[in-house]
2 protein chains.
Amino acid sequence: MDWSIQDVARLAGTTSRALRHYGSIGLLEPSRVGSNGYRYYDAAALVRLQRILLLRQLGLGLDEIARALADDGDPAAALRRHLARLDAERERLARQARAVERTIAALETGGPLMAEDMFDGFDHTQYREEVVQRWGKQAYADSDAWWRGLSDEQRRDWKALSQRLGEDWIAAAGAGEAPDGEAAQALAARHVRWLGGIPGTPGYPDGPSKEYVLGLSEMYVADPRFARNYGGETGAAFVRDALRIYAEREL
Amino acid sequence: MDWSIQDVARLAGTTSRALRHYGSIGLLEPSRVGSNGYRYYDAAALVRLQRILLLRQLGLGLDEIARALADDGDPAAALRRHLARLDAERERLARQARAVERTIAALETGGPLMAEDMFDGFDHTQYREEVVQRWGKQAYADSDAWWRGLSDEQRRDWKALSQRLGEDWIAAAGAGEAPDGEAAQALAARHVRWLGGIPGTPGYPDGPSKEYVLGLSEMYVADPRFARNYGGETGAAFVRDALRIYAEREL
DNA sequence: CCTTGACCTTGACGCTGCGTCAACTTCTAC
DNA sequence: GTAGAAGTTGACGCAGCGTCAAGGTCAAGG
């Protein structure tokens, strides 16, 4: 008992083209192929197709569907991963929407700021190049959209927070604390939480990955623009050591 | 005073490939091209590039950016349209997320419902084919995701609401009301609001479009499955007439 | 038996916004 | 003069099919 490709498409509410596509990528093979090349599908194939279509409607990619439906795949786990992605995407869109709103407001009150924004942009892009190189364009665009979405007050708060963190690091280094000591490790934990609040950091929103923290801490030392925030080269080295220890222990 | 493609890319924080792409689609031409084929950009081009990149970071497509930056384009209007799209997309994702959550819950409590869901799906797809034909796959997928995202209680509520609407139509038709009378027009308004609550309807979430209402009302008459909900062919004709008048007047 | 029309096949381009080779020419500096 | 950096024009790749194109197959009717 089997059906032609058109029958199946109608039954399942999809198209014959999609079925051929699924066949060509090995996601759903016809149960039988006639000597004339016609594809035929049996009930088992239909069940599998229903599962595929359900997962598709929920927004999963075909490769993930394949993994989820494999013998050792776990559909529920795949769905949970997907849910996390959906939430992240939704947050991204929310940030972008806020950025768009503020841009509209700026356009309407301040006139065409889009040109005057230039130099701010240029200054900004000294960092951009590096961020993009190290962590990808998406990361930069995300964090930039996040920044644009903040209000002036929120930006002030953020700057103050960042500055206090820097000052505390400098103070700790100046006080002769040990990088693996309690004070430095507490600062490291604060630093990682602070990082986690920046969208676009790899691993957001679960918190930054170990590699990211390690790479970043090296950058603090290597790059004078960052090092300056932590009291120059020696201060940055202290930050790096403390972060490295923290990352190895906790991440 | 102009810059090479690499200079511009670095200054603006993008890549030479992107600049060439913008050139090839006519979005940003170099201000000058050397006899050797090298591209050079002047300050005006840089300003335009900054605008382009700003809009890109806000998520606009290149074609919309082109329109927004054209002489007769309105950047603020483009941004507002974009904002509406962002919100719609966010809602879509929210619905999809809810659907995913419920599917996870169903998977974990009821075991593998994904197969048993089949027949419900098959029954469902009697309509699917037509909905897809008339209003596109996206519309169907949206409304299906919406339906899956509802709780059992919400579904009961929805069904009750729909049924009451149908009963009220039948009652009005039976009472000999005129399609352009106050009672019928009030029902039509209710009907349109009811439609507007179904995601995936063309025009959602602003309310259904006039064409959609007109087309749908014809379908109520033509298709016995829908006509049944409104008291058969004569009842459906009454609904159609009332809706048509309402649509012409109000939409 | 032949035609018509519905249904099937494989193959290939299109969409979005570039990243990423590839193969070559040109400029710059030593 | 030559290495190396930077420039050029193609062209493929990605996700998931939609959409021709060109042609073979099959059931029904004249």
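To find a chain, count down the sequence lines: A is the first, B the second, and so on, and within it residues start at 1.
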S.K.: Tell me whether B:Q96 contacts the main-chain N or O of A:Q57 through its side chain, where contact means a donor paired with an acceptor under 3.5 Å.
M.R.: yes

S.K.: Can you tell me how far P of C:dT16 sits from CD1 of B:I52, to the nearest Å?
M.R.: 17 Å

S.K.: Between the main-chain N or O of A:V100 and the side-chain N or O of B:H82, is there a donor-acceptor pair closer than 3.5 Å?
M.R.: no

S.K.: Which pairs, with at least one residue in residues 13-30 of chain B and sequence neighbours excluded, count as a salt bridge (charged side-chain N to carboxylate O under 4.0 Å, His left out)?
M.R.: none

S.K.: Quick one: label B:R20 by what it contacts on the DNA or RNA (base, sugar-phosphate, nothing), any heavy atom closer than 4.0 Å.
M.R.: base

S.K.: Look at A:Q6 and C:dA6 and indicate whether a side-chain polar atom (N or O) is within less than 4.0 Å of OP1 or OP2.
M.R.: no

S.K.: List for me each residue that meets side-chain contact (heavy atoms from CB on, under 4.5 Å) alongside B:S31, sequence neighbours excluded, and say none if there are none.
M.R.: B:D42

S.K.: How many whole angstroms separate atom CG of B:D7 from atom P of C:dC27?
M.R.: 16 Å

S.K.: Counting Watson-Crick and G-U wobble pairs only, both distances under 3.5 Å, name the nucleotide matched with D:dG30, or none.
M.R.: C:dC1

S.K.: If you take all heavy atoms of B:L107 and A:P75, which pair is closest and at what distance?
M.R.: CD1-CB, 4.1 Å

S.K.: For nucleotides 2-4 of chain D, print each protein N/O atom paired with a nucleotide N/O atom at under 3.5 Å, atom names and distance only.
M.R.:
none

S.K.: On the nucleotide D:dG7, are OP1 or OP2 found under 4.0 Å from the side-chain N or O atoms that B:S16 carries?
M.R.: no

S.K.: Atom OH of A:Y22 and atom C1' of D:dA15: how far apart are they, to the nearest Å?
M.R.: 11 Å

S.K.: Using atom CG of B:L60 as one end and atom C1' of C:dC18 as the other, report the distance to the nearest whole Å.
M.R.: 17 Å

S.K.: Could you state the CH2-C1' distance from B:W3 to D:dA6, rounded to the nearest angstrom?
M.R.: 19 Å

S.K.: Which whole-number value in Å describes the distance from B:R17 CZ to C:dG19 C1'?
M.R.: 8 Å

S.K.: Looking at C:dT25, I'd like to know if its phosphate oxygens (OP1 or OP2) sit under 4.0 Å from a side-chain N or O belonging to B:Y38.
M.R.: no

S.K.: Does C:dC8 have its OP1 or OP2 closer than 4.0 Å to a side-chain nitrogen or oxygen of A:S4?
M.R.: yes

S.K.: Would you kindly give the NE2-to-P distance between A:H21 and C:dG11, to the nearest whole Å?
M.R.: 16 Å

S.K.: Is there a side-chain contact between B:R39 and the phosphate of D:dG7, meaning an N or O under 4.0 Å from OP1 or OP2?
M.R.: no

S.K.: Would you kindly check if the NZ (Lys) or CZ (Arg) of A:R32 is within the cone defined by 45 degrees around the ring axis of A:Y40 and under 6.0 Å from the six-membered ring centre?
M.R.: yes

S.K.: For A:I52 and A:Y22: C-alpha separation, side-chain torsions, deciding distance, then whether side chain to side chain contact (heavy atoms under 4.5 Å, CB included) applies.
M.R.: CA-CA 10 Å; A:I52 291 171; A:Y22 298 159; 4.2 Å; yes

S.K.: Figure out the CZ/P separation between A:R56 and D:dG18, and round it to whole Å.
M.R.: 10 Å

S.K.: If you compare every side-chain N and O of B:Y40 against the phosphate oxygens of D:dG7 (OP1, OP2), does one of them come in below 4.0 Å?
M.R.: no

S.K.: Could you go through the salt bridge (Lys or Arg N to Asp or Glu O under 4.0 Å) check for B:R98 and B:E101 one step at a time?
M.R.: CA-CA 5 Å; B:R98 278 204 307 278; B:E101 280 170 6; over 6 Å; no

S.K.: Under 4.0 Å between a side-chain N or O of A:N36 and OP1 or OP2 of D:dC26?
M.R.: yes

S.K.: What is the nucleic acid contact for A:G61, judged by heavy atoms within less than 4.0 Å: base, sugar-phosphate only, or nothing?
M.R.: sugar-phosphate

S.K.: Does A:I5 reach a base, just sugar-phosphate, or nothing at all? Heavy atoms under 4.0 Å.
M.R.: sugar-phosphate

